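Report on the structure given below.
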Amino acid sequence: MKLLHCADLHLDAKMTSLFTGEMARERKAELLHTFRRMVEYAVARQVEAVLVAGDLFDTKHVSAAARHTVLDAIAGHPEITFFYLKGNHDGDSFPGNLQKIPDNLKLFGDRWKTYFLGTAGRITVTGVEPFREDGAIPYQELSLDGEKFNIVMLHGQVTLYGTRQDDPYVNLKLLKDKGIDYLALGHVHAYQEAGLDGRGTYCYPGCLEGRGFDECGEHGFVLLHVDEDSGTCTREFVPFAARTVHVLEVDITGCRNTPDIGKKIGQALEEASYSSRCMLKIVLTGNVDVECEKNVEILTQQFAPAYYFLKIQDQSALCVDFHLFAKDESLKGEFVRTVWAADGLGQEEKAAIIRCGIRALGGETI
């Protein structure tokens with residue numbers, strides 16, 4: 001039997017933290033389209049069940065467009081069973097606002113609920129949504145048949161100790177030796193997999209699409225192949241996002257001006273060979289002389305057309321060689337010495353002031 005494990009789709013996210021206007025609306029629509037594509041992938045590969053381990057939506061008040069898109073994908077494929085376990089971003093508007101819940105959509109509550117799949121129910125899917133007032137998972141109430149292949153769905157950050165008040169959590173220690181074969185988790189936005197105990201494995205598929213520069217790299221879902229007779233399982237991570245997100249650091253040490261920096265960036269991009277569809281942040285690092293002419297706006301205009309979205313962040317440090325100005329009798333030399341001798345300022349602050357002053361003395365607009 002084939003099953004698909006996904007989580008943290010965050011459909012209906014506003015996407016305004018990174019984008020504005022039309023691009024934000026376009027990216028929001030792309031997330032919905034990726035969900036549709038994922039279901040089409042499941043149909044084409046004869047997947048029998050889709051496990052959604054929380055945060056299907058990004059808001060507790062789901063828009064009609066998102067609700068209809070998800071409902072159409074589920075109801076339109078009755079041959080696939082969809083298991084939807086709500087996450088901390090999900091609310092009750094889906095499926096609460098549906099006139100009729102499709103027969104192939106299986107839901108969970110604040111007590112453990114088990115569903116049976118496969119021949120003679122040899123595969124079980126069990127889950128609980130611990131978003132009660134105390135936020136606790138009733139670990140002691142979990143009872144599984146060790147003769148079956150047991151999948152458990154939960155949403156939260158794994159921990160081996162205690163509770164986390166600021167985040168939904170899953171205590172792995174209390175799930176050991178419970179007869180779990182595959183612990184299907186959601187909440188962490190990067191793919192992770194590790195052993196749970198001598199029998200089982202826990203896995204985060206990560207988010208389906210990266211939405212910001214804290215979600216870099218490949219994103220997608222996990223495809224499971226469960227052998228009902230032997231009770232064994234193989235799995236693979238399937239990259240599936242419409243766009244990838246990358247952060248590229250470029251050391252500009254020694255550059256004297258904007259064209260020099262542009263050459264360094266161009267070389268780094270050539271080596272990285274990113275897709276034109278990606279979202280990219282270039283971070284300038286290293287040390288440059290305080291008199292280095294550096295224009296981030298020009299650099300952004302130079303490289304942005306090659307990518308879906310590009311941002312340049314300058315984190316390079318300014319260096320002041322004070323000895324070069326020690327005996328300089330010009331106004332610039334006097335200015336540098338005055339700033340450098342000032343009390344109450346750190347070296348970075350002094351360098352920034354000196355840079356602005358030198359540009360002003362050179363007739364530039366600050």
Side-chain angles (χ1 to χ4, degrees), residues 1-7 42 47-56 74 77-88 90 92 94-96 98 101-132 134-156 158 168-187 193 195-205 221-235:
M1 173 180 286
K2 294 180 184 178
L3 303 95
L4 188 154
H5 172 205
C6 64
V47 168
E48 293 185 46
V50 173
L51 315 173
V52 184
D55 287 353
L56 174 59
I74 294 173
H77 298 287
E79 72 278 17
I80 298 176
T81 302
F82 291 81
F83 295 93
Y84 171 37
L85 179 121
K86 292 198 292 289
N88 56 303
D90 292 309
D92 294 325
F94 184 94
L98 301 182
I101 296 176
D103 293 337
N104 61 328
L105 175 59
K106 307 303 180 183
L107 306 172
F108 300 89
D110 62 5
R111 292 296 178 208
W112 294 106
K113 187 163 187 176
T114 298
Y115 296 94
F116 297 89
L117 291 172
T119 305
R122 292 179 181 177
I123 299 173
T124 71
V125 179
T126 302
V128 66
E129 297 166 347
F131 304 108
R132 302 172 298 178
D134 58 4
I137 295 173
Y139 298 98
Q140 71 283 358
E141 298 175 12
L142 177 61
S143 178
L144 301 171
D145 183 349
E147 297 300 315
K148 299 183 183 296
F149 185 90
N150 298 310
I151 298 171
V152 171
M153 295 177 64
L154 290 171
H155 188 88
V158 295
Y169 67 93
V170 175
N171 192 322
L172 292 182
K173 185 177 181 180
L174 298 180
L175 290 170
K176 292 179 182 293
D177 303 318
K178 289 278 194 178
I180 299 172
D181 292 285
Y182 184 80
L183 180 57
L185 297 172
H187 189 61
E193 181 180 314
L196 173 63
D197 51 27
R199 172 170 175 160
T201 298
Y202 74 85
C203 179
Y204 288 102
F221 51 78
V222 173
L223 186 65
L224 296 91
H225 301 256
V226 179
D227 187 314
E228 298 179 61
D229 295 325
S230 65
T232 59
C233 173
T234 60
R235 52 200 167 271

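As the structure is a prediction and not an experimental result, all values here were calculated from the model. We use all heavy atoms of the structure for the numbers below, so side chains are in, but hydrogens, waters and symmetry mates are not.
- Between the OG1 atom in T119 and the CD atom in E228 there is a gap of 4.0 Å [rounded to 0.5 Å].
- Across all their heavy atoms, V52 and L56 have their closest contact at CG1-CB, 4.0 Å.
- Two residues are said to be in side-chain contact when any heavy atoms from C-beta on lie closer than 4.5 Å; R199 and I180 fail this criterion.
- In the model, D55 has no side-chain atom that pairs as donor or acceptor with a side-chain atom of H187 under 3.5 Å.
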Could you pull out every donor-acceptor pair under 3.5 Å between side chains of residues 144-152 and any protein atom, sequence neighbours left out?
from : atom 1 : to   : atom 2 : distance (Å)
D145 : OD1    : E147 : N      : 2.9
K148 : NZ     : G121 : O      : 3.2
N150 : OD1    : T124 : OG1    : 2.7
N150 : ND2    : D145 : O      : 2.9
N150 : ND2    : G179 : O      : 2.9

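- With values rounded to the nearest 0.5 angstrom, L196 atom CG is found 8.0 Å from D177 atom CG.
- Residues V222 and R235 share a closest heavy-atom pair of CG1-CB, 3.9 Å.
- Considering CG of D197 and NZ of K173, their distance stands at 14.0 Å, rounded to 0.5 Å.
- Ring pair Y84/F94 is tilted by interplanar angle, where 30° to 60° counts as tilted.
- A pairwise comparison of heavy atoms in Y204 and G186 identifies CE2-O, 3.4 Å as the closest pair.
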Pair M1-I123, side chain to side chain contact (heavy atoms under 4.5 Å, CB included): steps then yes or no: CA-CA 9 Å; M1 173 180 286; I123 299 173; 3.6 Å; yes
field: Trace of the side chain to side chain contact (heavy atoms under 4.5 Å, CB included) decision for L183 with V158
entry: CA-CA 11 Å; L183 180 57; V158 295; 5.7 Å; no
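- Remark: C203 SG to L185 CG distance equals 7.5 Å, nearest 0.5 Å.
- Annotation: the span from F221 atom CZ to H5 atom NE2 amounts to 12.0 Å, rounded to 0.5 Å.
- Each of L105, L107, L4 was compared with F82 under the side chain to side chain contact (heavy atoms under 4.5 Å, CB included) criterion, and only L105 meets it.
- Exactly one of I80, L117, V50 qualifies for a side chain to side chain contact (heavy atoms under 4.5 Å, CB included) with L3. That residue is L117.
- For CG of D227, the number of neighbouring non-hydrogen atoms (other residues, nucleotides, ligands) closer than 6.0 Å is greater than 12.
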Side chain to side chain contact (heavy atoms under 4.5 Å, CB included) between V226 and D181, worked out: CA-CA 10 Å; V226 179; D181 292 285; over 6 Å; no
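- Between D90 and G87, the closest heavy-atom pair is OD2-N, 2.8 Å.
- Under the side chain to side chain donor-acceptor pair (under 3.5 Å) criterion, T114 pairs with T126, not counting sequence neighbours.
- L174 pairs by the side-chain contact (heavy atoms from CB on, under 4.5 Å) definition with Y139, N171, not counting sequence neighbours.
- Between W112 and I137 there is a side-chain heavy-atom pair separated by less than 4.5 Å.
- Relative ring orientation between Y115 and F108 is described as perpendicular, the plane-to-plane angle rising above 60° on a 0-90° scale split at 30° and 60°.
- Across all their heavy atoms, A7 and P205 have their closest contact at N-CG, 3.7 Å.
- Atom CD of E48 and atom CG of N104 lie 13.0 Å apart (nearest 0.5 Å).
- Just one residue in the list K86, K113, R111 forms a side chain to side chain donor-acceptor pair (under 3.5 Å) with E129, and that residue is K86.
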